[in-house]
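Each chain gets a letter, A, B and so on, in the order its sequence line appears, and its residues count up from 1.
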Amino acid sequence: MINRTVVTRFAPSPTGYMHIGNLRTALYSYLIAKHENGTFILRIEDTDRERLVEGATDVIIDTLRVTGLRYDEGPGVGGENGPYVQSERKDIYLRYAEELVRRGAAYYCFCSKERLEALHEEDGVGGGYDRHCRDLPKEEVEANLKAGIPYVIRQKIPLDGTTTYEDAVFGTISTENKELQDQILMKADGYPTYNFCHVVDDHLMGVTHVVRGSEYLTSTPKYALLYDAFGWKRPVYVHLPLLMGRGEDGTVSKLSKRHGAVSFADLTADGYLPEAIVNYIALLGWCPKNTENEFFTLDELTRAFSLEGINKSPSVFDYEKLLWFNGEYIRKLSPEEFKKRAIPFIKDLPAPEKLDRILPLVQPRIGKLSEIDGKIAFFSRLPDYDAAELFQNKKNKITPDAAKDMLPGLSSVLSDLTEWNNDALYAVLTAHAEKSGVKSGALLFVARAAVSGLSVTPGGATEIMDILGKEETLARLETAAKRLA
RNA sequence: GGCCCGUUGGUCAAGAGGCUAAGACAUCGCCCUCUCACGGCGAAAACAUGGGUUCGAUUCCCGUACGGGUCACCA
């Protein structure tokens, strides 16, 4: 079933959290492979020793599991081209870098960090390495190496000409070689840079489609040059439009931490469903052909996905629409499933039999699970309220005085009631309203406010009274009467 | 600043030389209704700009503006 005609990879660096932009890249990468029944690889890029975060890889793996993005090769599942963690492949990169030196496409550089910093200060933005070591005599290089002088290995970029590549989304991208830096391939600490090791790994792992954010669009010529220098076949490049966020000042920029809760974990902790998140971000930068449907399971996305549907322009992450999607997904949940997901978000869990009756009331009324608690808390405990304010409603012509007049009748009718359920309650109360010459809407408004302490509730007066039970209902009516007195 | 990329309603977006320029979210209105939601119906709302090419440009080309990305021993 699985084949290697299309091999993609998701190659995050373990920074401690799964950014939503990264998730979207992972998703597209997965979809591109799986649409063709290809192979999807997870590779951990942990060559930056200073930024290592403990447990970060677990966050990545966990996110992929929860979202259903199963990888065929990678940490934990193995594969024929492992290991899939770059720090565990450290020794192979130097070999390839030296190979490049031999081929004349790279060179040793002994410049100190201090010298480089000085260069930067001199040139300001747009400066760069002055290629000081590019043409060091062989003997000097040998001597320096022997003397143990720290070195890096840099890519020898052609001084003139242009480098061109085809991007599956953006088309032909052409760059003047003189715009490119002799970037560092191997760092002084013996670790490779991303610029180098991802090329080596992608080749070694048979990656056919490199899927990543468009922030790499301008550095890709350097990578293409690396493939060429090795004599390797260049992969298909698929650069994805950026995901943008709106900052507090209203400006739009690359989605990142500064825009607040945009990590997958933050979103799920706030009660967004993984499947809703996946569905929503799939539509950010991609649009299905020949359909106006917006709801897709992962399988449906896999079938519908196509490179041609990917946009070039950046898109703004919109919480409003995510919230709507999420609400739709919540409404589609079976009562059992909803309950399972809702429980972790409820602080004071009502008795099981009550919970089962409360939950259906909130399910259609929330956008995210974290909204549940605030909506149902009144069932467990009558909130404090200002009676003068609560029993005031212009539409139903409710005033505190009017409410005060209704309460005794309500209590007496209800205390006489033997059959306590929604239908019976509704029948009795509407009949009572008619008898007293009050609009049923008004009476029920007062009843609901008294029994909940709120002007807005999930469910109507009779539904709430039904769940509360006779005793509690009458007690709350009593309380309301006292507060109105 | 250099280089690269982008630009259809507030947001996501369809469109691919000739359309009354889709649809969705959000907004507003109406309906439903024991409040609020849900649901139904409807409204308002867009081709950044100047020049070409063409019988005809949102669509192709060039410039301008605006936005974004990138210029690390980070990925």
OP1 or OP2 of [N] versus the side-chain N and O atoms of [X]: is any pair under 4.0 Å?
| X | N | result |
| --- | --- | --- |
| A:Lys178 | B:G2 | no |
| A:Tyr426 | B:C34 | yes |
| A:Lys113 | B:A72 | no |
| A:Asn311 | B:A14 | yes |
| A:Ser214 | B:C4 | no |
| A:Asn396 | B:C34 | no |
| A:Ser315 | B:A13 | yes |

Compute both the distance and the angle, then confirm whether [X] meets the cation-pi test with [Y]: under 6.0 Å from the six-membered ring centre, within 45 degrees of the axis.
| X | Y | answer |
| --- | --- | --- |
| A:Arg483 | A:Tyr385 | yes |
| A:Lys222 | A:Phe196 | no |
| A:Arg234 | A:Tyr165 | no |

Which nucleotide in the list [options] gets nearest to the side chain of [X]?
| X | options | result |
| --- | --- | --- |
| A:Ala461 | B:C34, B:G39, B:U11 | B:C34 |
| A:Cys287 | B:C71, B:C5, B:A13 | B:A13 |
| A:Thr218 | B:C34, B:G39, B:C4 | B:C4 |
| A:Asp48 | B:G68, B:C74, B:A14 | B:C74 |
| A:Phe170 | B:G6, B:A72, B:U70 | B:G6 |
| A:Val316 | B:A37, B:C12, B:A75 | B:C12 |
| A:Leu242 | B:C34, B:C74, B:G69 | B:G69 |
| A:Tyr223 | B:C73, B:A75, B:A37 | B:A75 |
| A:Glu294 | B:C71, B:A75, B:A24 | B:A24 |
| A:Gln181 | B:C25, B:C71, B:G15 | B:C71 |

Identify, between A:Ser455 and A:Pro12, the residue whose nearest nucleotide on RNA chain B lies closer to the 5' end.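 The residue mapped nearer the 5' terminus is A:Ser455.
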Most 5' of A:Arg154 and A:Glu308 on RNA chain B, judged by nearest nucleotide: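 Mapping each residue to its closest nucleotide by heavy atoms, the 5'-most match is A:Glu308.
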What interatomic distance, in whole Å, is found between [atom1] of [M] and the corresponding atom of [N]?
| N | M | atom1 | value |
| --- | --- | --- | --- |
| B:C4 | B:U20 | P | 39 Å |
| B:C60 | B:C47 | C1' | 15 Å |
| B:C5 | B:G10 | P | 27 Å |
| B:U70 | B:U54 | P | 41 Å |
| B:C62 | B:A46 | P | 29 Å |
| B:C36 | B:U49 | P | 42 Å |
| B:C61 | B:G42 | P | 39 Å |
| B:U35 | B:C30 | P | 15 Å |

Taking donor-acceptor contacts at under 3.5 Å, does the side chain of A:Lys321 reach the base of B:A24?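 Yes, a donor-acceptor pair under 3.5 Å.
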Answer with yes or no whether A:Thr193 presents, from its side chain, a donor or acceptor under 3.5 Å of a partner atom in the base of B:C73.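 No, no donor-acceptor pair under 3.5 Å.
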So, are A:Arg51 and A:Asp48 salt-bridged, with charged N and O less than 4.0 Å apart?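 Here A:Arg51 pairs with A:Asp48 in a salt bridge, since their nearest N and O are under 4.0 Å apart.
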With a 4.0 Å cut-off on N to O distance, would you call A:Asp167 and A:Lys312 a salt bridge?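 No, no charged N to carboxylate O under 4.0 Å.
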Report the relative orientation of the aromatic rings in A:Phe325 and A:Tyr280; use parallel for angles under 30°, tilted for 30 to 60°, perpendicular for over 60°.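 Answer is tilted, since the angle falls between 30° and 60°.
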Below 30° counts as parallel, above 60° as perpendicular, anything between as tilted: where do the rings of A:Trp324 and A:Phe295 land?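 Geometry flag for A:Phe295 against A:Trp324: tilted rings.
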The dot-bracket string of RNA chain B, counting Watson-Crick and G-U wobble pairs with both distances under 3.5 Å, using [ ] for crossing pairs and | for pairs to another strand, is ((((((((.[[[..)..(....]]].(((((.......)))))....[[[[[..)....]]]]])))))))....
In whole angstroms, how far is the P atom of B:C25 from the CD atom of A:Glu292?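 Whole-Å distance recorded here is 12 Å.
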Flag the pair A:Tyr223 / A:Tyr237 as yes when their ring centroid distance falls below 6.0 Å, and as no otherwise.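 No, ring centres 6.0 Å or more apart.
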Heavy atoms from other residues, nucleotides or ligands near CD of A:Glu434 exceed 12 (cutoff 6.0 Å):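 No - once you tally the heavy atoms of other residues, nucleotides and ligands closer than 6.0 Å, there are 12 at most.
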